[in-house]
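Take a look at the structure set out below.
In the text below, chain A, chain B and the rest are named by the order of the sequence lines, each starting its count at 1.
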There are 2 protein chains.
Amino acid sequence: MKKITIGEAARQSGVKVPTVRYYESIGLLAAPSRSEGNQRSFEPADISRLAFIRHARELGFEIEAIRTLLTLQDDPHQSCASADAIAKARLVEVEQRIRSLMALKAELETMVEGCGHGRVDQCRVIEVLADHGQCTHPHH
Amino acid sequence: MKKITIGEAARQSGVKVPTVRYYESIGLLAAPSRSEGNQRSFEPADISRLAFIRHARELGFEIEAIRTLLTLQDDPHQSCASADAIAKARLVEVEQRIRSLMALKAELETMVEGCGHGRVDQCRVIEVLADHGQCTHPHH
DNA sequence: CTTGCACCTCTAGTCGCTAGAGGATGTAGG
DNA sequence: CCTACATCCTCTAGCGACTAGAGGTGCAAG
């Protein structure tokens, strides 16, 4: 077996070097074996695991959710109901966040459009911020 | 003048009591005068300022952006170009975030739909997470 | 053999709060 | 006036998920 350094692992998985060490420190990744000079030596399986974590993080899953997903992955005979539930919960979160951001976007657009590019005392941006009652879109 | 306690200020502005103290500590809100017994005594203007901050936070502006917006509000003769720029930048951020979340939503939906509710080794949720190449939507 | 990069551990910082300890003040009822 | 109780005070530490930096060691190429 060729030894995979932490730098290689980082490059291949797309996770930064300090983040790899961080994941090890919180027990998301098993501590790898070490070289004679005390340097980490990873296995290909570790790269896959790191890629899994990275992808899940990109999808916005929290570390604790990922921890659960990883234990599910480690034991393929389990029911995937938990994985399904976690993904569904995340989907609901994302949908809510999108709705909220759309309302936000509308309000920011109104603010920016209303700005006459003059002085602050006529600025709609400042004005709207100061007076929530001027919000056209009920969101927050 | 009637004295406004921190609790009243919090209730009227919708900012929590510890958060009001936090805003004071970071200099976003001027330190108010104190009662004989060392308790904070706010002015109506402080309530407006807190409401402004809260609204801006709800719109996702960062504290440093709010600090700038507040100094602009404090001097109404300035050009509102900065306020305009800050709001526009925030708008761009929000639009980007929405796009990214939409892609995410699509991917999560594919994952959840593909789940046969069986065992983990057939679970599309786990599978897609493990292999980024299966992503139908190029986003991250 | 030296240069220089990659690696090691450890601590502290980021952002925007939030929680809790331990004590002082203010107010309403008896 | 006394007591109960809510509210206030300061201070420190914690959250999530890293990121930055100090100060030192390993290793491979020229």
Whole-Å distance separating the [atom1] atom of [X] from the [atom2] atom of [N]:
| X | N | atom1 | atom2 | answer |
| --- | --- | --- | --- | --- |
| I66(A) | dA17(D) | CD1 | C1' | 10 Å |
| E36(B) | dG26(C) | CD | P | 8 Å |
| Y22(B) | dG14(D) | OH | P | 18 Å |
| R57(A) | dG16(D) | CZ | P | 11 Å |
| I63(A) | dC15(D) | CD1 | C1' | 13 Å |
| I4(A) | dA6(C) | CD1 | P | 18 Å |
| L29(A) | dA17(D) | CG | C1' | 16 Å |

Problem set entry | Pairwise distance CG(L59(A)) to CG(L129(B)) - rounded to 0.5 angstrom | 6.0 Å
Seminar exercise, completed: With sugar-phosphate taken as primed atoms, P, OP1 and OP2 and all else as base, the protein-contact string of nucleotides 2-11 of chain D at under 4.0 Å (heavy atoms; B, S, -) is ------SSB-
Salt bridge flag under 4.0 Å for residues [X] and [Y]:
| X | Y | value |
| --- | --- | --- |
| K105(A) | E109(A) | yes |
| E24(A) | R21(A) | no |
| E58(A) | R54(A) | yes |

Seminar exercise, completed: The nucleotide from dT27(C), dG16(C), dC27(D) with an atom nearest the side chain of S35(A) is dC27(D)
For this session: Determine the stems involving DNA chain C; a stem requires 3 or more consecutive pairs of the Watson-Crick or G-U wobble kind, each with both distances below 3.5 Å, and the answer is none if no such run exists.
Result: C:1-30 with D:1-30
Problem set entry | Touch class at under 4.0 angstrom, heavy-atom based, for E62(A) against every strand present | sugar-phosphate
